[in-house]
Amino acid sequence: MLGKLIKYDLKAAAKLFILLHAMYLFICIAARLFYMDRLSFNDVTEPLVLSLILFFSLLVLLISALMIFTEMQVAFRFYRSLFSKEGYLSWTLPVSGPQHLWAKIISGYILMAADLIIIAAGILLLVTGNNVTTAYSMVSDDLTNELELSIGTFALILFVICLVSGICSVVMIYFSVAVGQLFPSHRVLGAIAAYFITSTVMQVLSVILMFLFGCFPGYMTYTLQGSAMADYLFRLIAVSLVLMLITTIAQYIATHYIMKKKINLL
């Protein structure tokens with residue numbers, strides 16, 4: 001039954017998800033053919049720099065919009081399947097509350113992971129042209145010395161971290177939606193408020209932990225010696241992962257408790 005729930009969720013979200021991400025890849029292909037491949041990095045001029053800044057600013061906006069859409073789709077499916085009129089049908093199925101929640105977590109994570117993979121594929125498509133790789137080869141040694149690892153390895157580490165954090169994002173979204181159901185009215189607004197409050201608290205806790213573990217002093221005393229930069233980056237990553245793990249477990253427990261005790265759906 002768990003597999004059927006996951007399959008149903010993915011099928012319900014597939015059409016719009018595929019359409020928008022196909023459009024994103026089409027834009028990346030067009031940008032590669034008609035813009036990136038036509039750039040010359042032999043003579044770096046101010047118009048070239050301004051053009052690249054504008055292009056990548058628009059790319060960041062496009063990627064941000066795509067990620068926000070995916071998060072909203074995950075949140076909407078969770079709310080609609082369990083807390084709207086459709087939810088009454090869902091709760092008549094011979095499925096326990098934890099199975100409902102885990103089905104949503106798995107299907108939501110699949111969407112988030114697919115979103116990240118497609119976005120990464122589009123970025124790779126843009127930056128793997130001969131002109132770009134040739135220009136990068138001229139500064140690759142300096143970057144490798146600063147990071148103490150290749151840019152490819154560094155990008156792969158960030159990609160894996162983003163994949164892991166996708167689970168945390170899904171649970172936080174569901175936690176916010178569940179908290180929103182505690183409001184007698186304006187439940188959607190309550191869920192949105194809970195999401196932004198939770199995000200703010202997470203950011204504040206991250207800054208506090210970074211101070212406690214000496215991350216900021218480590219950066220201020222960074223002097224390009226040895227692996228100082230790499231040590232600093234991995235320290236930040238470790239602190240962030242520990243915080244995400246703790247808060248994800250707490251939010252999962254709270255979400256299950258709200259669904260079982262406060263909303264009286266189980």
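Count residues from 1 along the sequence. No hydrogens, no waters, no symmetry mates; every other heavy atom, side chains included, goes into these values.
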- [ ] Measure the shortest side-chain to side-chain distance between Leu62 and Leu58 over non-hydrogen atoms and say whether it is less than 4.5 angstrom.
- [x] no

- [ ] Could you pull out the closest heavy-atom pair between Gly129 and Asp37, with the gap in Å?
- [x] CA-OD1, 4.2 Å

- [ ] Starting from the C-alpha separation in whole Å, work towards a yes-or-no answer on side chain to side chain contact (heavy atoms under 4.5 Å, CB included) for Val164 and Met244.
- [x] CA-CA 9 Å; Val164 173; Met244 284 191 296; 5.5 Å; no

Task: Phe26, CZ atom: more than 12 neighbouring heavy atoms under 6.0 Å - done: no

TODO: For residues Leu126 and Arg32, report the shortest heavy-atom separation together with the two atoms involved.
DONE: CD2-N, 3.9 Å

Task: Flag side-chain contact, heavy atom, 4.5 Å: Leu19 against Lys15 - done: no

Task: Shortest non-hydrogen separation from Ile105 to Tyr174 and the atoms involved - done: N-CE1, 3.5 Å

Open item on the list: Distance check, rounded to the nearest 0.5 Å: Leu66 atom CG versus Ile118 atom CD1?
Closed with: 8.0 Å

TODO: Please determine, by modelled atom types, if Tyr35 and Ser51 share a side-chain donor-acceptor pair under 3.5 angstrom.
DONE: yes

- [ ] Could you tell me which non-hydrogen atom of Cys162 sits nearest to which non-hydrogen atom of Leu116, and how far apart they are?
- [x] CB-CD2, 3.4 Å

Open item on the list: I want to check something: taking the side chain as every heavy atom from C-beta on, are His100 and Ser81 in contact at a cut-off of under 4.5 Å?
Closed with: no

Task: Enclosure of Met36 CE (heavy-atom neighbours >12, cutoff 6.0 Å) - done: yes

Open item on the list: For a side chain to side chain contact (heavy atoms under 4.5 Å, CB included) check, start with the C-alpha distance between Ile123 and Ile63, then their side-chain angles and the critical distance, and finish with the verdict.
Closed with: CA-CA 10 Å; Ile123 294 173; Ile63 291 174; 3.9 Å; yes

Task: Audit row: Phe55, Leu39, side chain to side chain contact (heavy atoms under 4.5 Å, CB included) steps and yes/no - done: CA-CA 12 Å; Phe55 174 75; Leu39 294 177; over 6 Å; no

Task: Aromatic centroids of Tyr252 and Trp102 separated by under 6.0 Å - done: yes

Task: Straight-line distance of Leu245 CG to Ile167 CD1, nearest 0.5 Å - done: 10.0 Å

- [ ] Would you please indicate if the ring centroids of Tyr195 and Phe175 are separated by under 6.0 Å?
- [x] no

Open item on the list: So Arg77 and Ser107, do their side chains get closer than 4.5 Å, heavy atoms only?
Closed with: no

Open item on the list: If I compare all heavy atoms of Ile106 with all of Ile6, which pair ends up nearest, and what's the gap?
Closed with: CG2-CD1, 3.6 Å

Open item on the list: What I'd like to find out is whether the side chain of Ile197 reaches to under 4.5 Å of the side chain of Val179, using heavy atoms alone.
Closed with: no

Task: Beyond-backbone contact of Ile249 with Ile253, side-chain heavy atoms, under 4.5 angstrom - done: yes

TODO: Answer yes or no: is there a side-chain heavy-atom contact under 4.5 Å between Val74 and Tyr109?
DONE: no

TODO: Write down the atom of Phe69, the atom of Phe17, and the distance for their closest heavy-atom approach.
DONE: CE2-CA, 4.1 Å

Open item on the list: With heavy-atom distances below 4.5 Å as the criterion, would you say the side chains of Glu71 and Met112 are in contact?
Closed with: yes

